[in-house]
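Note that these values count all heavy atoms, side chains included, but never hydrogens, waters or copies made by symmetry. In what follows, chains are A, B, ... by sequence order, proteins preceding strands, each numbered from 1.
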There are 2 protein chains.
Amino acid sequence: MARIARPATWLSFLLMQWGYNLMPRARPKISESKTSDGKKRTTLAVQLAEQLREMIFDGDLEPGTRLQEEDLSQRFGVSRTPLREALKLLIAEDLISFQPNRGATVTQLSLTELAETFPVMGVLEALAGELAAISASDADLDTLRQLHDEIVANYTARNLKAYFAANQRFHERLVEAASNDTLATHYHQLAGRVRRARYRANLSPERWAQSVKEHEQIIAALEARDGAALSKILRAHIDHKFETVRDAILKND
Amino acid sequence: MARIARPATWLSFLLMQWGYNLMPRARPKISESKTSDGKKRTTLAVQLAEQLREMIFDGDLEPGTRLQEEDLSQRFGVSRTPLREALKLLIAEDLISFQPNRGATVTQLSLTELAETFPVMGVLEALAGELAAISASDADLDTLRQLHDEIVANYTARNLKAYFAANQRFHERLVEAASNDTLATHYHQLAGRVRRARYRANLSPERWAQSVKEHEQIIAALEARDGAALSKILRAHIDHKFETVRDAILKND
DNA sequence: AGCGTTTAGATTGTATACAATTTGCGGGCA
DNA sequence: TGCCCGCAAATTGTATACAATCTAAACGCT
């Protein structure tokens with residue numbers, strides 16, 4: 001399988017630097033057989049879907065990009081049949097949009113859809129907070145504390161990119177700590193949507209400061225295992241994040 | 001596309017001020033072309049997916065059922081190619097499970113997975129309540145009031161089946177009234193999972209009475225457009241529903 | 001020029017053929 | 001009996017061929 005060479009975006013590069021595996025797996029619901037030598041064995045359709053998903057998350061395939069079957073199948077060196085099946089998988093995940101007889105394109109979120117997404121993410125992350133306050137292990141708390149310190153350090157250094165990366169990692173980890181796969185799956189899907197809606201990441205000094213302050217509250221409530229407080233803060237935090245994103249989008253149009 | 005503009009929430013107002021159109025997008029992720037005579041035209045894969053989805057929801061295909069391609073394609077009178085694409089769509093929706101080279105089966109939820117699902121549904125429906133309290137039209141309220149009356153009538157008549165049906169429609173309609181397609185999509189997916197986990201639908205007299213009582217509170221808060229109260233009641237309501245379901249499952253095993 | 005119509009090329013949709021993998025059964029053997 | 005091997009049937013995975021549909025450029029008309 002010839003993998004398509006792709007330039008590392010700032011985000012993927014950044015994460016790789018940190019040694020982080022890129023995205024939380026959207027969903028590994030497809031069990032994989034394994035050969036004796038431990039190699040994963042799946043179908044081409046599944047592999048192609050994974051690759052395409054990664055390319056979309058990484059920004060190699062920008063929203064709105066048309067996905068032509070012949071094109072892609074040649075680039076991947078496979079026939080159209082498994083490629084079409086891969087597209088169907090991504091269609092159901094809402095990563096790509098589809099019109100009969102007219103092909104597929106990388107889904108593009110309107111501001112409206114983005115605005116709809118945030119409140120949903122908000123309640124999910126609030127729930128994650130509640131659950132994590134109960135079920136997070138001490139190791140989880142350690143990891144989150146470390147990530148929090150990273151966030152603060154990057155704020156102090158005014159390193160915006162690294163700040164975003166650590167921030168994202170923190171929230172993902174928080175959701176994991178809730179120990180609810182269903183919750184995690186739906187959260188990841190929404191988080192992916194938002195992340196793909198790339199906007200010029202400007203953060204005003206005030207918003208940035210406030211965001212950090214909220215993070216202080218988050219980690220404090222978490223370490224106190226105060227689920228109710230955590231839930232409230234997280235939801236407000238997401239609301240503010242949407243405001244930031246909205247401003248960034250509107251300013252750059 | 002009979003959906004009309006909703007009363008402006010603070011968000012929609014804001015967006016409209018900035019020139020962003022808030023018209024709801026077509027929720028079926030797969031847009032459908034139409035012929036001159038208004039007939040929907042889609043691909044076989046999409047049609048098959050719809051049929052299979054319905055069969056699974058209706059219980060024609062019980063959890064654990066093996067889905068053999070040749071079998072199904074003959075029953076539907078199509079070749080395996082579009083059928084396989086339909087399966088891929090449902091795989092990504094988690095309606096069916098898949099193992100490479102070993103085919104697909106209708107997904108079966110464990111009690112653990114069911115237990116995970118309810119809290120997530122809970123916060124989503126709570127959010128739906130908050131939003132609906134703001135953006136539900138008067139027509140929405142009328143419909144919901146009617147459905148509520150139906151629920152009460154079926155309780156009085158002790159008609160369990162009709163009660164469940166009306167109950168389900170009420171909750172679906174409530175989520176619709178929130179005017180957030182993203183929310184609705186995720187809610188529906190989870191509701192479908194729960195519905196498929198068929199358990200012997202026994203409702204103790206006490207639980208039944210309590211459920212109806214909660215519904216009284218729900219409709220009252222809704223008509224008072226008290227989002228906070230509605231949110232709280234709904235979440236508790238879902239929690240109680242899970243307890244009922246859990247008891248039913250445990251008792252029947 | 002402007003505008004609908006036609007038509008060739010491109011692209012997607014479906015069927016079929018064949019390859020690869022799994023499954024289950026029967027035979028040989030300790 | 002129990003177990004392991006290997007083969008045949010069943011089933012899934014992939015490629016290719018052809019049909020249906022869409023797109024856009026060329027054409028002719030007013």
What are the atom names and distances for every N/O pair under 3.5 Å that joins the protein to nucleotides 7-11 of chain C?
from: C:dT11; atom 1: OP1; to: A:Q68; atom 2: OE1; distance (Å): 3.2
from: C:dT11; atom 1: OP1; to: A:Q68; atom 2: NE2; distance (Å): 3.1

Pairwise N/O distances under 3.5 Å, protein to nucleotides 16-18 of chain D:
from: D:dT16; atom 1: O4; to: A:T81; atom 2: OG1; distance (Å): 3.2

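Between B:R195 and B:E172 a salt bridge is recorded (basic side-chain N to carboxylate O distance below 4.0 Å). Under the 4.0 Å criterion applied to side-chain N and carboxylate O atoms, B:R53 and B:E93 are assigned as salt-bridge partners.
Atom CD in B:Q74 sits about 13 Å away from atom P in D:dA10, given to the nearest Å. Distance CG (B:L67) to C1' (D:dT11): 14 Å, rounded to an integer number of Å. Whole-Å rounding puts the B:L48 CG to C:dT14 C1' distance at 11 Å. Counting to the nearest Å, the C1' atom of D:dA15 and the CZ atom of A:R84 are 14 Å from each other. Straight-line distance from the CG atom of B:L44 to the P atom of D:dA19: 17 Å, rounded to whole Å. Between the C1' atom of C:dG13 and the CG atom of B:L83 lies a distance of 15 Å, rounded to the nearest Å.
For the pair B:T105/B:I96, no side-chain contact is recorded, criterion being any heavy-atom separation below 4.5 Å from C-beta on. Residues A:E116 and A:V120 form no side-chain contact, since every pair of their non-hydrogen atoms from C-beta on lies 4.5 Å or further apart.
Not one N or O on the side chain of A:T65 forms a donor-acceptor pair closer than 3.5 Å with the backbone of A:L61. Put simply, the side chain of A:T107 gets close to the backbone of A:L95: a donor and an acceptor are under 3.5 Å apart.
The two atoms that bring B:V106 and B:E62 nearest to each other are CB-O, 3.4 Å, heavy atoms only.
Inspection of the A:D247 and A:T244 side chains reveals no N or O donor paired with an N or O acceptor under 3.5 Å.
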